Amino acid sequence: MAWCPKCRNEYVEGITTCADCGVALVDELPEAVNPGDPVVLCHVDNMDVGSKFVVYLNYGNIQTAGLMATGETEEAGFDVVAAEFEREAAEEMLSAFGSVEELAKTDLSELVPDLEKQLEELQDEEANQMFSDLRTETSTVYVKKKDKYNDLKFSGISFIVFGILGCGLLALNFSGVLHIFNTFSSLIMALVFVVFLGVGIGSLIRAGKLKAIVSEEERVTNEALDWIERNITDEYIASLVKEELSEEDNYFQVHDALCEKLSNQFAYMNKGYIEQLMDDRYNQFCEESSRS
């Protein structure tokens, strides 16, 4: 019998290629791998270099990337690891610096300048995308950048706190003060807590870049609110309401007209944000009308 090493389907004798995966069949299946098991991507001599690679991988949404000590002391170096299910994606990102075989033979500290350049490009790209979202995003569901900033900041601090507490717990376990985890469990937990730290640091980095955009959003919002107060008056909204239409039809007609008016004045504003502002303004008009 022959087997596909990828999908693990069995084939009759004479067939040499998997019909589904297109890979060559083997006589024996390799041992099954747990998708959550950590796999080594490359080895670094010190934590600083390894941390840069982890941050780089985090920017590529490799959320399980982390560092794992390879010995009792830092002099033994660290392995850059990721879960098996993200291995291919992680290796593809690292291929920007060479193949897995080439990285194994390279002093990765020599790649730090190239790595920092890649990180800078990714950070600039992300910042530009977030600023572009503020001006041109067409989604009708708008999340304020200030809210997103606060969420990222809270998430970053929370992950870092849990990561530090977890590392402290493992340190007590390794020193013999506590006896909670065995060696294998300690290594897995160490990976998890390092990932927590990586995710936390990544979230704070994103929050830091978003902070400048928050100021821009607030400036644009204040300009728009001042303009709305002067131009979208109760009298103007009342002139758009038609008595022969139902309340629902009036809402859609007036809301569309208000959105178009604001959009013509602030063409660069997010469409979803414009709709949210005009929805708030029309609801305010309706409440005031019902009280009078």
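Since the structure is predicted, the reported quantities are computational estimates derived from the model, not experimental observations. In what follows, residues are counted from 1 in the order of the sequence shown.
Side-chain atoms of Glu86 come within 3.5 Å of backbone atoms of Thr64 as a donor-acceptor pair (strictly under, hydrogens ignored). With hydrogens and angles ignored, the 3.5 Å screen pairs a side-chain donor or acceptor of Arg281 with a backbone N or O of Ile232. Side-chain N or O atoms of Thr70 include one that pairs as donor or acceptor with a backbone N or O of Gly77 at under 3.5 Å. Between the side chain of Tyr11 and the backbone N or O of Ala19, at least one donor-acceptor pair lies under 3.5 Å. Listed for the Tyr56 side chain is a donor-acceptor partner under 3.5 Å among the backbone atoms of Met93. Not one N or O on the side chain of Asp249 forms a donor-acceptor pair closer than 3.5 Å with the backbone of Leu245. Using a distance-only test at 3.5 Å, with no hydrogens or angles considered, a donor-acceptor pair links the side chain of Asn250 to the main chain of Lys242. Counting only distance, with no hydrogens or angles, the side chain of Asp279 and the backbone of Glu275 share no donor-acceptor pair below 3.5 Å.
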- Message: Using side chain to side chain contact (heavy atoms under 4.5 Å, CB included), reason through Leu152 and Leu204 one step at a time and then give a plain yes or no.
- Response: CA-CA 6 Å; Leu152 284 171; Leu204 290 181; over 6 Å; no
- Task: Step by step, work out the side chain to side chain contact (heavy atoms under 4.5 Å, CB included) result for Val254 and Val241.
- Result: CA-CA 7 Å; Val254 174; Val241 177; 4.1 Å; yes
- Stepwise, does the side chain to side chain contact (heavy atoms under 4.5 Å, CB included) test hold for Glu92 with Glu88? CA-CA 6 Å; Glu92 184 175 349; Glu88 290 186 9; over 6 Å; no
- Query: Could you walk me through whether Met278 and Ile228 pass the side chain to side chain contact (heavy atoms under 4.5 Å, CB included) check?
  - Reply: CA-CA 9 Å; Met278 291 299 92; Ile228 291 170; 3.3 Å; yes
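A distance of 9.0 Å separates OH of Tyr236 from CG of Asn231, quoted to the nearest 0.5 Å. Rounding to the nearest 0.5 angstrom, the gap separating the CG atom in Leu57 from the NZ atom in Lys52 is 14.0 Å. Distance SG/Cys18 to CD/Glu10: 12.5 Å, rounded to 0.5 Å. Summarising the geometry, atom CZ belonging to Phe252 is positioned 11.0 Å from atom CD belonging to Glu247; distances are rounded to the nearest 0.5 Å. With rounding to the nearest 0.5 angstrom, the CZ atom of Arg230 is 11.0 Å from the CG atom of Leu225. Once rounded to the nearest 0.5 Å, the distance linking CZ of Phe78 with OG of Ser51 reads 8.0 Å.
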Atom pairs and distances, side-chain donor-acceptor, residues 156-174, under 3.5 Å, sequence neighbours left out:
from   : atom 1 : to     : atom 2 : distance (Å)
Ser158 : OG     : Phe154 : O      : 2.8
Asn173 : OD1    : Ile180 : N      : 2.8
Asn173 : OD1    : Phe181 : N      : 3.1
Asn173 : ND2    : Phe181 : O      : 3.1
Asn173 : ND2    : Ser186 : OG     : 3.3

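Contact check for Leu25 versus Ile15: side-chain heavy atoms found under the 4.5 Å cut-off.
Met189 and Leu191 fall within the same hydrophobic cluster, defined by Ile, Leu, Val, Met, Phe, Trp and Tyr side-chain heavy atoms under 4.5 Å apart, directly or through other members. The hydrophobic clustering, which links ILVMFWY residues whose side-chain heavy atoms are closer than 4.5 Å, places Leu187 and Val44 apart. Cluster annotation: Tyr282 and Leu240 are assigned to the same hydrophobic cluster (Ile/Leu/Val/Met/Phe/Trp/Tyr, side-chain heavy-atom contacts under 4.5 Å, transitive).
Salt bridge Lys261/Asp256: absent, no basic N to carboxylate O contact under 4.0 Å.
Smallest separation of non-hydrogen atoms from Phe53 and Val80: CB-CG2, 4.3 Å. A pairwise comparison of heavy atoms in Ala224 and Leu277 identifies CB-CD1, 4.4 Å as the closest pair. Closest approach of Leu41 and Ala90 over heavy atoms only: CD1-CB, 3.7 Å. Across Arg206 and Asn58, no two heavy atoms sit closer than the pair NH2-O, 3.6 Å. Contact record, His43 with Asp79: ND1-OD1, 2.9 Å, taken as the closest heavy-atom pair. Pro38 and Ile188 make their closest contact through CD-CD1, 4.0 Å (heavy atoms, listed as atom of the first residue, atom of the second, distance).
Using the six-membered ring where Trp is involved, Tyr251 and His255 have ring planes that are parallel, under 30° apart on the 30 and 60° scheme.
Residue Glu243 qualifies as open at atom CD: its count of foreign heavy atoms under 6.0 Å is 12 or below. In the displayed structure, Gln284 atom CD is contacted under 6.0 Å by more than 12 heavy atoms of other residues, nucleotides or ligands.
Every residue two or more places apart in sequence or in another chain that forms a side-chain hydrogen bond (donor to acceptor under 3.5 Å, both in side chains) with Asn182 is listed here: Ser185.
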